[in-house]
Chemist: 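Dropping a structure here in structure tokens format, bear with me for questions.
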Amino acid sequence: MKIAVFGTGYVGLVTAVGLAELGHHVVGADKVAEKIDKIAKGEVPIYEPGLNELLESNLKKGRLAFSSDLDKTILDSDVIFVCVGTPQGDDGSADMSQIEEVSRMIAENLNSYKLVVEKSTVPIKTSSWIKRTITLYKKTDMAFDIASNPEFLREGSAVSDFLNPDRIIIGVETERAKEILVKIYEKAKDRLVITNIDTAELIKHASNSFLAMKISYINLMANLCEKTDANIEQVAQGMGLDPRIGGLFLKAGLGFGGSCFPKDLKALIKIGEDLGVNMNLLKETDRVNADRVKVFLEKIKKALWILKDKKIAVLGLAFKPETDDIREAPSIKVIRELLNEGANLRLYDPQARENMKELFPEYLARIVYCDSPYQAAAGVNALLIITEWKEFLDLDLKKIKEVMANPIIIDGRNIYDAERVKKLGFEYYSVGRK
Ligand code: UDX
């Protein structure tokens with residue numbers, strides 16, 4: 001079976017490498033030739049633990065290749081995974097133009113039976129649109145099938161998520177398509193969930209929005225904790241011990257960012273509203289999340305009063321640890337607000353500094369990009385924790401205190417034990433606890 005993976009972004013690249021690792025012959029395709037040339041040499045354009053090694057080993061074994069010749073890749077393939085981007089449009093809905101483009105290309109090159117599997121996160125009914133597009137533009141009578149196989153990988157653990165998934169959702173409408181996908185995922189056949197296509201598409205959206213809701217829920221409880229003597233860590237622990245609730249995704253903090261949750265939540269709201277369903281539950285989830293930065297800024301102001309000309313260290317720029325991705329990162333909103341208030345910033349992140357440098361070009365005079373947390377802390381009036389990188393947990397806080405102008409930490413992710421930090425002489429503000 002010859003497999004093609006269209007799109008070499010996060011999902012596409014991990015899918016191509018992962019399928020090759022499962023033993024299949026895979027060609028990763030992208031219209032950006034420069035990107036393809038680099039990946040074909042083993043250069044991974046994103047920071048993702050473990051991806052480099054697997055890319056190199058599968059390239060060496062000859063199971064994996066990359067191409068920017070899209071027509072040829074389609075002509076040579078039996079199964080095509082569509083992993084191109086579906087960025088958020090102005091009205092919150094996903095922009096599907098890249099999916100349409102690939103569908104038309106497949107139609108024009110339909111020289112043999114092909115199974116087209118959509119893997120990008122897409123609105124319900126996208127597969128039907130792919131089917132209609134291929135049917136409209138194909139030039140032969142050749143048969144094809146469509147399927148939905150949504151991806152659940154998390155940045156930072158994408159490779160292991162792909163190779164050890166909790167479940168593999170397969171949405172199909174023919175026996176032939178089902179058999180092909182069951183064969184591709186033979187090694188994980190105990191975790192297959194086979195449904196119709198609409199159901200598979202909705203499972204992906206429903207999962208992401210549910211997790212987003214869980215995070216907003218715990219953040220709402222953190223707001224309550226801050227007005228009372230309750231402690232959010234203990235509230236989360238107490239709730240999470242109930243197996244019906246579960247302890248994961250109950251970490252209060254600056255809210256969710258990244259390329260999936262914010263976009264998918266808005267997209268599901270739009271899908272529901274277009275279908276005439278009241279989506280207020282998810283709208284509130286989005287609103288609570290949008291308020292997280294406001295709540296955090298209030299804490300900074302409570303500690304520093306006037307922000308103009310204050311020096312502030314920001315530790316953590318990526319939307320979560322173990323990635324260089326800053327898409328929808330809370331750090332961006334925090335930094336923007338602090339700059340608007342006239343503060344001077346010293347920024348540090350183990351991986352995301354280069355990406356952040358491209359933003360805020362007009363503020364270069366007031367931003368210093370630092371090479372270590374200690375350098376960032378030098379002479380500052382307060383230090384902010386925005387992302388819970390392990391490196392920050394292990395900081396020598398005595399050393400940090402020595403270099404700071406004022407020993408004030410405002411921790412947006414509750415990474416430190418409050419008692420310990422206060423004992424070291426810091427003024428310490430965190431989320432949903434004293
Ligand atoms: C998510 C889904 O987990 C994954 O299944 C899907 O395929 C893509 O979207 P990802 O965006 O990589 O993955 O990150 P995830 O680990 O889910 O975290 C998302 C955001 O929620 C991050 O900003 C994180 O900081 C935040 N978060 C997560 C919390 O604020 N609290 C939590 O308890 C968990």
Side-chain angles (χ1 to χ4, degrees), residues 9-12 14-15 18 46-49 51 83 85-86 88 94 119-122 149-162 164-169 200-201 203-222 232-233 235-237 239-240 245-268 285-286 288-293 295-296 316-334 349 351-352 385-389 392 411-415 430-432:
Y10 235 104
V11 173
V14 174
T15 301
I46 46 176
Y47 173 75
E48 183 61 41
L51 190 56
C83 304
T86 53
Q88 191 177 308
K119 217 174 199 356
S120 314
T121 302
V122 291
N149 169 219
E151 186 48 64
F152 294 95
L153 52 84
R154 291 163 298 174
E155 294 185 21
S157 56
V159 174
S160 66
D161 285 349
F162 187 92
N164 309 297
D166 300 320
R167 78 291 207 197
I168 296 170
I169 307 294
E201 288 172 342
I203 288 173
K204 167 72 189 191
H205 270 295
S207 304
N208 273 2
S209 293
F210 186 83
L211 291 170
M213 196 173 69
K214 217 173 162 187
I215 297 169
S216 278
Y217 187 85
I218 202 68
N219 281 330
L220 189 65
M221 294 304 117
I232 194 63
E233 302 291 327
V235 170
Q237 190 194 8
M239 284 172 64
I245 297 174
L248 299 176
F249 276 69
L250 284 181
K251 196 96 191 72
L254 276 156
F256 53 83
S259 65
C260 286
F261 284 177
K263 185 185 90 175
D264 291 356
L265 183 66
K266 288 190 178 72
L268 187 55
T285 300
D286 195 29
V288 170
N289 197 55
D291 272 356
R292 296 317 290 162
V293 168
V295 172
F296 189 64
L317 305 173
F319 83 96
K320 69 176 207 177
E322 295 300 330
T323 178
D324 61 353
D325 196 341
I326 57 166
R327 284 176 287 177
E328 297 283 329
S331 63
I332 299 174
K333 292 184 209 151
V334 173
D349 187 283
Q351 293 294 339
I385 304 283
I386 308 284
T387 316
E388 64 278 31
W389 282 94
F392 304 154
D411 177 357
R413 298 287 181 183
N414 287 359
I415 67 170
S430 55
V431 180

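Counting starts at 1 for both ligands and their atoms, following the listed order.
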Chemist: Under the side-chain contact (heavy atoms from CB on, under 4.5 Å) test, which residues partner Glu322, sequence neighbours left out?
Modeler: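 Scan of Glu322 (side-chain contact (heavy atoms from CB on, under 4.5 Å), adjacent residues dropped) gives Tyr47, Pro49, Trp389.
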
Chemist: With no hydrogens and no angle check, just 3.5 Å: does a side-chain donor-acceptor pair link Tyr10 and Glu151?
Modeler: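 No - no donor-acceptor pair under 3.5 Å links their side chains.
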
Chemist: Is a side-chain donor or acceptor of Lys214 paired with a backbone partner of Leu250 at a separation under 3.5 angstrom?
Modeler: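 Not at all, since once roles are kept as given, no pair shorter than 3.5 Å links the two residues.
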
Chemist: Please name all residues satisfying side-chain contact (heavy atoms from CB on, under 4.5 Å) with Asn414, sequence neighbours left out, ordered by chain then number.
Modeler: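 With sequence neighbours excluded, Asn414 shows a side-chain contact (heavy atoms from CB on, under 4.5 Å) to Ile232, Glu233, Lys251, Ser430, Val431, Arg433, given in chain and number order.
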
Chemist: Can you produce the list of protein nitrogen or oxygen atoms under 3.5 Å from a nitrogen or oxygen of ligand 1, alongside each distance?
Modeler:
unit_1, atom_1, unit_2, atom_2, d
ligand 1, 5 (O), Phe152, O, 2.6
ligand 1, 7 (O), Glu151, O, 3.4
ligand 1, 7 (O), Phe152, O, 3.3
ligand 1, 7 (O), Leu153, N, 3.4
ligand 1, 7 (O), Leu153, O, 2.9
ligand 1, 7 (O), Lys204, NZ, 3.0
ligand 1, 12 (O), Glu155, N, 2.6
ligand 1, 12 (O), Lys320, NZ, 3.3
ligand 1, 14 (O), Lys320, NZ, 3.1
ligand 1, 16 (O), Lys320, NZ, 2.9
ligand 1, 23 (O), Gly257, N, 2.9
ligand 1, 23 (O), Phe319, O, 3.3
ligand 1, 31 (N), Lys251, O, 3.0
ligand 1, 33 (O), Leu250, N, 3.3
ligand 1, 33 (O), Lys251, N, 2.8

Chemist: For the backbone of Ala318 and the side chain of Thr387, can you confirm whether one donor and one acceptor N or O come within less than 3.5 Å of each other?
Modeler: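 Yes, the answer is positive, given that a donor and an acceptor are paired below the 3.5 Å cut-off.
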
Chemist: How would you list, by chain and number, every residue that makes a side-chain contact (heavy atoms from CB on, under 4.5 Å) with Asp161, sequence neighbours excluded?
Modeler: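 Residues passing side-chain contact (heavy atoms from CB on, under 4.5 Å) with Asp161: Leu153, Arg154, Ser157.
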
